[in-house]
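Working notes, beginning with the structure itself.
Heavy-atom basis, side chains included; hydrogens, waters and symmetry copies ignored.
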Amino acid sequence: MKKIAVLFLFASSLSYGQAVRKYSNEFMNIGVDAAALGMSNAVTASSNDVNSGYWNPAGLIGVEDKQVALMHASYFANIAQYDYAGFAMPIDDRCAWGVSVIRFGVDDILNTTQLIDDQGNIDYNRISLFSTADYGVTFSYARKLPVQGFQYGVNAKVIRRVIGKFASSWGFGFDLGFQFERGDWKVGLMLRDITTTYNIWTIDEDEYATVQQAIEGQNQELPETSEITLPKAQFGVSRKFEFHNEMNLLAAANLNMRFEQTNDIISTEVVSVDPAVGFQLDYINLVFVRAGVGNFQNVMQIDGTEKIGFQPNIGLGFQYKGIQIDYALTDIGDQSAALYSNIFSVKVDLGIFR
């Protein structure tokens with residue numbers, strides 16, 4: 001027994017320093033709403049409902065009445081649970097606001113730090129359970145600008161991360177979004193963590209001491225207690241096509257940018273770009289069929305060669321009298337069927353109850 005569960009968490013979640021981290025607070029980048037996920041997240045320009053608080057707060061201007069949204073997803077063979085809830089409403093004909101909550105957690109993790117006593121005896125009664133969970137609460141505000149079709153939105157985010165009794169953190173950050181609409185065309189820009197998102201960790205030294213000497217030469221020093229999330233940007237374009245048989249097609253594309261060198265298909269020392277495209281076909285705004293592809297990455301093979309990996313998604317939706325139910329089949333990293341996840345979400349226009 002090497003106390004694998006707890007050691008893994010410390011290696012992956014706490015082994016950072018007082019520096020910029022490439023993948024800090026990544027749970028906030030998974031995405032919400034099965035409709036958007038079915039289009040491979042290419043919705044920066046077209047998002048215009050309660051879920052815009054996540055995708056682009058400028059889109060909250062499209063909310064005409066009070067709306068709520070819920071989503072649940074399971075990842076990694078149901079080990080991790082991902083939940084989202086959002087609410088939005090107009091303030092007047094020029095402004096809107098919203099709030100959303102995200103939780104990404106792994107529950108009932110075995111804590112084997114006390115399994116073996118000082119004499120080397122194994123006592124399974126000394127095993128306990130703990131959870132690790134990440135929470136993100138976002139407050140959003142959107143407003144129309146004097147230029148017709150131009151609007152902006154701002155997010156204020158509060159991040160809470162908990163690793164059992166071992167450590168916890170608070171973080172704060174801001175997003176800024178813009179949308180512009182002209183005819184059937186829409187353009188959007190989402191700037192995430194524009195001031196960087198700063199997390200401060202509190203580590204329980206007594207609890208940490210129980211795993212500090214688990215593997216010789218590792219975990220000997222307390223991790224640093226701060227991390228910074230770099231800004232990111234998404235630029236999107238979309239267009240809606242209307243057909244004579246009461247069918248409509250929404251075509252959208254995104255350029256997802258990180259200001260660092262990564263494995264994205266376009267990568268430089270200054271910026272890396274991951275493109276995504278998505279499509280939504282609907283019949284009289286009642287039934288929806290969606291598809292998209294994104295997450296284009298340069299993947300290194302075992303033999304040393306590289307290939308281009310990508311993430312395909314598909315989805316379905318149904319809307320009737322203000323209630324919309326959506327489903328997405330999404331891939332979380334490569335084209336292995338075992339990694340696909342089934343995601344369901346619901347959106348309700350509360351005006352139907354009046």
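Side-chain atoms of Ser267 come within 3.5 Å of backbone N or O of Thr262 as a donor-acceptor pair. Using modelled atom types, one side-chain atom of Ser40 and one backbone atom of Val293 make a donor-acceptor pair closer than 3.5 Å. Although no hydrogens or angles enter the test, the distance criterion places no donor-acceptor pair under 3.5 Å between the side chain of Ser238 and the main chain of Ala252.
Linking Ile, Leu, Val, Met, Phe, Trp and Tyr whenever their side-chain heavy atoms come within less than 4.5 Å puts Phe318 and Ile284 in one cluster. Linking Ile, Leu, Val, Met, Phe, Trp and Tyr whenever their side-chain heavy atoms come within less than 4.5 Å leaves Leu316 and Met39 in two separate clusters. Under the 4.5 Å side-chain heavy-atom criterion for ILVMFWY residues, no single connected hydrophobic cluster contains both Phe172 and Val162. Residues Phe139 and Ile61 do not share a hydrophobic cluster, clusters being chains of Ile/Leu/Val/Met/Phe/Trp/Tyr side chains in contact below 4.5 Å. Both Leu176 and Trp97 are members of a single hydrophobic cluster when ILVMFWY side chains are connected at heavy-atom separations under 4.5 Å.
The CD atom of Gln324 lies 7.5 Å from the CG atom of Asn285; values are rounded to the nearest 0.5 Å. One finds the CG atom of Asp274 at 9.0 Å from the CD1 atom of Ile266 (value rounded to the nearest 0.5 Å). To the nearest 0.5 angstrom, Arg239 atom CZ is 14.0 Å from Arg182 atom CZ. Separation of atoms CD (Glu246) and CG (Leu286) is listed at 11.0 Å; rounding is to 0.5 Å. The CZ atom of Phe178 sits 11.5 Å away from the CD atom of Gln151 when rounded to the nearest 0.5 Å. Distance check: Leu191 CG to Gln234 CD gives 8.5 Å after rounding to the nearest 0.5 Å.
The two residues Thr132 and Ile163 have their closest heavy-atom pair at OG1-CG1, 3.7 Å. Shortest non-hydrogen contact noted between Asn56 and Gly188 is ND2-CA, 4.2 Å. Taking all atoms of both residues into account, the shortest heavy-atom contact from Gly136 to Ile159 is CA-CD1, 4.2 Å. Heavy-atom minimum distance, Ile343 versus Ala34: O-CB, 3.7 Å. In this structure, Val50 and Ala69 approach most closely via the heavy-atom pair CG1-CB, 3.5 Å. The minimum heavy-atom distance linking Pro231 with Thr196 is given by the pair CD-CG2, 4.0 Å.
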Next item on the list: For Gln67 and Asp65, run side chain to side chain donor-acceptor pair (under 3.5 Å): C-alpha distance rounded to whole Å, both residues' side-chain angles, the deciding distance at 0.1 Å, then the answer.
Entry: CA-CA 6 Å; Gln67 284 186 353; Asp65 206 327; over 6 Å; no
Notebook entry, point to check: Can Ile102 and Phe27 be said to form a side-chain contact (heavy atoms from CB on, under 4.5 Å), step by step?
Noted result: CA-CA 9 Å; Ile102 290 174; Phe27 78 100; 4.1 Å; yes
Margin query: Evaluate Glu227 against Arg161 for salt bridge (charged side-chain N to carboxylate O under 4.0 Å, His left out), listing each step before the verdict.
Written below: CA-CA 12 Å; Glu227 62 181 348; Arg161 305 182 69 186; 3.2 Å; yes
Note to self: Before you tell me yes or no, could you show the steps for Tyr75 and Ile30 under side-chain contact (heavy atoms from CB on, under 4.5 Å), namely the whole-Å CA-CA distance, both residues' side-chain angles and the distance that decides it to 0.1 Å?
What the structure shows: CA-CA 11 Å; Tyr75 288 106; Ile30 295 174; 3.5 Å; yes
Next item on the list: Could you give me the CA-CA distance, side-chain angles and deciding distance for Asn51 and Tyr84, then say whether side-chain contact (heavy atoms from CB on, under 4.5 Å) is met?
Entry: CA-CA 10 Å; Asn51 300 301; Tyr84 157 80; 2.9 Å; yes
Note to self: For Arg258 and Asp264: C-alpha separation, side-chain torsions, deciding distance, then whether salt bridge (charged side-chain N to carboxylate O under 4.0 Å, His left out) applies.
What the structure shows: CA-CA 9 Å; Arg258 292 179 181 264; Asp264 290 340; 5.2 Å; no
Notebook entry, point to check: When you look at Val348 and Leu350, which way does the side-chain contact (heavy atoms from CB on, under 4.5 Å) test go after all the steps?
Noted result: CA-CA 6 Å; Val348 180; Leu350 296 182; 4.1 Å; yes
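Looking only at side-chain heavy atoms (C-beta outward), Tyr198 and Thr229 stay at 4.5 Å or farther from each other. Residues Lys347 and Val68 form no side-chain contact, since every pair of their non-hydrogen atoms from C-beta on lies 4.5 Å or further apart. In this structure, the side chains of Gln179 and Ser52 stay at 4.5 Å or more apart for every pair of heavy atoms. By the 4.5 Å heavy-atom criterion applied to side chains, Phe87 and Ser100 are not counted as neighbours. For the pair Phe180/Tyr152, no side-chain contact is recorded, criterion being any heavy-atom separation below 4.5 Å from C-beta on. Considering only heavy atoms from C-beta on, Trp201 stays 4.5 Å or farther from Ser226 through its side chain. Under the 4.5 Å side-chain criterion, counting only non-hydrogen atoms from C-beta, Trp55 is not in contact with Met190. No side-chain heavy atom of Ser272 sits under 4.5 Å from any side-chain heavy atom of Met257.
Geometrically, Arg192 engages Tyr54 in a cation-pi contact, judged by NZ or CZ lying under 6.0 Å from the ring centre and within 45° of the ring axis.
Between Asp326 and Arg290 a salt bridge is recorded (basic side-chain N to carboxylate O distance below 4.0 Å). Electrostatic pairing of Arg103 and Asp134 does not count as a salt bridge here, judged by no charged N lying under 4.0 Å from a carboxylate O. Using a cut-off of 4.0 Å between Lys/Arg side-chain N and Asp/Glu carboxylate O, Glu181 and Lys144 are scored as not salt-bridged. A salt bridge links Asp193 to Lys157: at least one charged side-chain nitrogen sits closer than 4.0 Å to a carboxylate oxygen.
In the model, Ser74 has a side-chain atom that pairs as donor or acceptor with a side-chain atom of Gln81 under 3.5 Å. Between the side chains of Asn248 and Asp282, a donor-acceptor pair is found at a separation under 3.5 Å. Asn25 and Asn199 share a donor-acceptor pair across their side chains, judged by distance under 3.5 Å alone. A donor-acceptor contact closer than 3.5 angstrom links the side chains of Ser140 and Asn155. Side chains of Asn245 and Tyr283: a donor-acceptor N/O pair is absent below 3.5 angstrom, by distance only.
Crowding of Phe174 atom CZ: a count of heavy atoms from other residues, nucleotides or ligands under 6.0 Å not exceeding 12. Summarising the local packing, CZ of Phe243 is surrounded by more than 12 heavy atoms from other residues, nucleotides or ligands at distances under 6.0 Å.
For Phe344, the ring-ring contact (aromatic ring centres under 6.0 Å, His included) partners two or more places apart in sequence, or in a different chain, are Tyr327.
Between Phe130 and Phe166, the ring centre distance stays below 6.0 Å.
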